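Position 1 is the first residue of the sequence, and the numbers go up from there. Predicted, not measured: the structure shown is a model, and the values here were computed from it.
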Amino acid sequence: MRYPRPLPASLRHREFSRAEALALGVTSGRLRRRDIVRVGHGRYRWTDQPSDRLSDLEAAAGSSSEVPEPAAAAPAASLDGAVESTAAEARTPVPAPQPSVHATLPRASSVLEAVPDACASHLTAALVRGWWLPRKALDTRLVHITRGPGLSRLKRQSVITHRSLLLEDEVVLVNGRRTTSPERTWLDCATLLTVQDLAILGDHLVREPHAWAETRRTQWTTVDALLACLHAHPGIRGISRARSALALVRVGADSPQETLLRLAMARVDLPEPTLQIECWDPQYSADFPATADLGYPQWLIAIQYEGHHHGEGNQLAKDLRRDQAFLRQGWKVLRFGSADSAEDFRTAVELIGRTIADARGR
């Protein structure tokens, strides 16, 4: 394997122009190598530098370290002690796979460095934090930034400049970069996502992390905080869609498919289910309950959505043991999977409806 020729030291830690590179002996072919990202017309940046600030937004995709933006007069050193710790809980968590860096983040980091008053917003602010987004949104090649009203739009390829008033608490630092707050990011995404996808994202943001499986200890936000953000911007673009989506957001969904199943149930007017149901069974455990994704405790109906990994050996055995705990306590257990999702849960909601009718008739 041929390794690329090292760049001149003066180009390694900043954005540079094509003319600068050529003047220092860098060839056009070297500028096309994978470790160099084109961030604008005739503008480039080297990406193979773990300690450089370019990695700030990339690292943030797997981190939840956020602090409010300091006052303008505050010295930069004041940020050092403000970043929240992400130390593991007392119980050793299952290590989560590190998300891959989205292709737009190096360009976003370069833009934010060049335009200090701008902040990452919309889909870019979501990607920075590693949030769930629908496939179409993940395929984006655009960088979204927001500047204040009256400021000029940035003329760079694939960079969208939004001009909007950001309240003081709507700009935070994510690993040193200005980024819209979780609440404002969700609201801004209302101009780019469907009501259904916005509701899924909302569920993702308000869910409570599991201490036994995750190092993040708190929700990204709350339903009340999202509602307060909507109230603060009654005339903003996307507000009607955001209101419709927020009415569908619930705390307790652990996956997009669980949200989709719940929304499918709502479309056919099934009763509102309870999320994350607990069933205590001494044969299962004296210390921890068996859990179901959603269901109806009043009728002893437990509903599980099993993703692809649930068919694997160890996980399958755990799922069966969990469901047996519900069955021993007199519950009816309904299990659905990817085949049901592929048909928009039409068969699933019919079965759930019949099961509820049977339980009511008993």
Using modelled atom types only, decide if a donor and an acceptor are shared between the side chain of [X] and the backbone of [Y] within a distance under 3.5 Å.
| X | Y | answer |
| --- | --- | --- |
| Asp203 | Arg250 | yes |
| Thr355 | Leu351 | yes |
| Arg163 | Ser152 | no |
| Glu306 | Gly337 | no |

In Å and rounded to the nearest 0.5 Å, what is the [atom1] to [atom2] distance from [X] to [Y]?
| X | Y | atom1 | atom2 | result |
| --- | --- | --- | --- | --- |
| Trp132 | Ile200 | CH2 | CD1 | 4.0 Å |
| Arg177 | Leu173 | CZ | CG | 10.5 Å |
| Arg262 | Ile303 | CZ | CD1 | 12.0 Å |
| Lys318 | Asp323 | NZ | CG | 14.0 Å |
| Ser110 | Leu112 | OG | CG | 9.0 Å |
| Leu7 | Leu31 | CG | CG | 8.0 Å |

Any chain of hydrophobic side-chain contacts (each under 4.5 Å) joining [X] to [Y]?
| X | Y | value |
| --- | --- | --- |
| Val223 | Leu230 | yes |
| Leu151 | Leu165 | no |
| Leu167 | Val171 | no |
| Ile160 | Leu123 | no |

Is any side-chain heavy atom of [X] closer than 4.5 Å to a side-chain heavy atom of [Y]?
| X | Y | value |
| --- | --- | --- |
| Asp319 | Gln304 | no |
| Ile352 | Leu261 | yes |
| Ile36 | Arg30 | yes |
| Ser158 | Val143 | no |
| Leu260 | Gln196 | yes |
| Leu127 | Leu138 | yes |
| Val26 | Phe16 | no |
| Leu22 | Ser28 | yes |

**Salt bridge Arg207-Asp254, side-chain N to carboxylate O under 4.0 Å** =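 Salt bridge between Arg207 and Asp254, a charged N being under 4.0 Å from a carboxylate O: yes.
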
**Asked** Taking 4.0 angstrom as the limit, do Arg346 and Asp340 come out as a salt bridge?
**Response**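 No.
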
For residues [X] and [Y], is any side-chain donor paired with an opposing acceptor at under 3.5 Å?
| X | Y | result |
| --- | --- | --- |
| Glu183 | Thr221 | yes |
| Ser109 | Glu113 | no |
| Thr104 | His102 | yes |
| Ser164 | Arg184 | yes |

**Message:** Going by the rule side chain to side chain contact (heavy atoms under 4.5 Å, CB included), which residues pair with Ser341 if we only count those two or more places apart in sequence or in a different chain?
**Reply:**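 Testing Ser341 for side chain to side chain contact (heavy atoms under 4.5 Å, CB included), a comparison that skips the adjacent residues, returns Gln257, Tyr305, Phe345.
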
**Request:** Please list, chain by chain and in numerical order, all residues satisfying side chain to side chain contact (heavy atoms under 4.5 Å, CB included) with Arg141, sequence neighbours excluded.
**Result:**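 Once residues adjacent in sequence are excluded, Arg141 has no partner under the side chain to side chain contact (heavy atoms under 4.5 Å, CB included) criterion.
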
**Message:** Apply side-chain contact (heavy atoms from CB on, under 4.5 Å) to residues Val251 and Leu275 and explain how you reach the verdict.
**Reply:** CA-CA 8 Å; Val251 177; Leu275 306 187; over 6 Å; no

**Prompt:** Parallel, tilted or perpendicular for His162 and His144, by the 30°/60° rule?
**Reply:**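 Because their plane-to-plane angle is under 30°, the rings of His162 and His144 count as parallel.
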
**Prompt:** What residues join Val195 in its hydrophobic cluster, counting side-chain heavy atom gaps under 4.5 Å, either direct or through other members?
**Reply:**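 Leu248, Leu263, which link up through side-chain heavy atoms under 4.5 Å apart, make up the rest of the cluster.
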
**Prompt:** To which residues is Val333 joined in a hydrophobic cluster, defined by side-chain heavy-atom contacts under 4.5 Å among Ile, Leu, Val, Met, Phe, Trp and Tyr, whether direct or through other members?
**Reply:** Ile277, Leu300, Phe326, Leu327, Trp331

**Item:** Chi angles and distances behind the side-chain contact (heavy atoms from CB on, under 4.5 Å) call for Tyr296, Leu270
**Value:** CA-CA 11 Å; Tyr296 300 96; Leu270 289 178; 4.1 Å; yes

**Message:** I'd like to know whether CZ of Arg321 has more than 12 heavy-atom contacts from other residues, nucleotides or ligands below 6.0 angstrom.
**Reply:**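 Yes, because the 6.0 Å sphere around CZ of Arg321 holds more than 12 heavy atoms from other groups.
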
**Message:** Can you tell me if Gln283 has over 12 outside heavy atoms packed within less than 6.0 Å of its CD?
**Reply:** no

Shortest non-hydrogen contact between [X] and [Y], atoms and distance:
| X | Y | value |
| --- | --- | --- |
| Ala126 | Thr185 | N-CG2, 3.8 Å |
| Glu258 | Asp293 | OE2-OD1, 3.3 Å |
| Gln329 | Cys279 | CG-SG, 3.6 Å |
| Val172 | Ser181 | CG2-CA, 4.2 Å |
| Thr140 | Leu142 | OG1-N, 3.0 Å |
| Ala242 | Leu198 | CA-CD2, 3.8 Å |

**Request:** Starting from the C-alpha separation in whole Å, work towards a yes-or-no answer on side-chain hydrogen bond (donor to acceptor under 3.5 Å, both in side chains) for Thr146 and Ser121.
**Result:** CA-CA 6 Å; Thr146 291; Ser121 64; 2.7 Å; yes

**Asked** Going through the checks in order, is the side-chain hydrogen bond (donor to acceptor under 3.5 Å, both in side chains) test met by Glu170 and His233?
**Response** CA-CA 12 Å; Glu170 292 178 343; His233 301 280; 2.6 Å; yes

**Message:** The test is side-chain contact (heavy atoms from CB on, under 4.5 Å); show your working for Arg322 and Tyr284 and say whether it passes.
**Reply:** CA-CA 7 Å; Arg322 171 206 64 198; Tyr284 176 78; 4.3 Å; yes

**Request:** Among residues two or more places apart or on two chains, list those pairs meeting salt bridge (charged side-chain N to carboxylate O under 4.0 Å, His left out) that have a residue in residues 218-244.
**Result:**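 Checked against salt bridge (charged side-chain N to carboxylate O under 4.0 Å, His left out) - neighbours excluded - no pair reaches residues 218-244.
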
**Derivation and outcome, side-chain contact (heavy atoms from CB on, under 4.5 Å), residues Cys119 and Leu166** = CA-CA 10 Å; Cys119 61; Leu166 294 173; 3.4 Å; yes

**Message:** Please tell me whether Trp220 and Trp131 form a close aromatic pair, meaning their ring centres lie under 6.0 Å apart.
**Reply:**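 Yes - the distance between ring centres of Trp220 and Trp131 falls below the 6.0 Å cut-off.
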
**Item:** side-chain hydrogen bond (donor to acceptor under 3.5 Å, both in side chains) involving Thr161 - partner list, sequence neighbours excluded
**Value:**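 Result, side-chain hydrogen bond (donor to acceptor under 3.5 Å, both in side chains) vs Thr161: none returned.
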
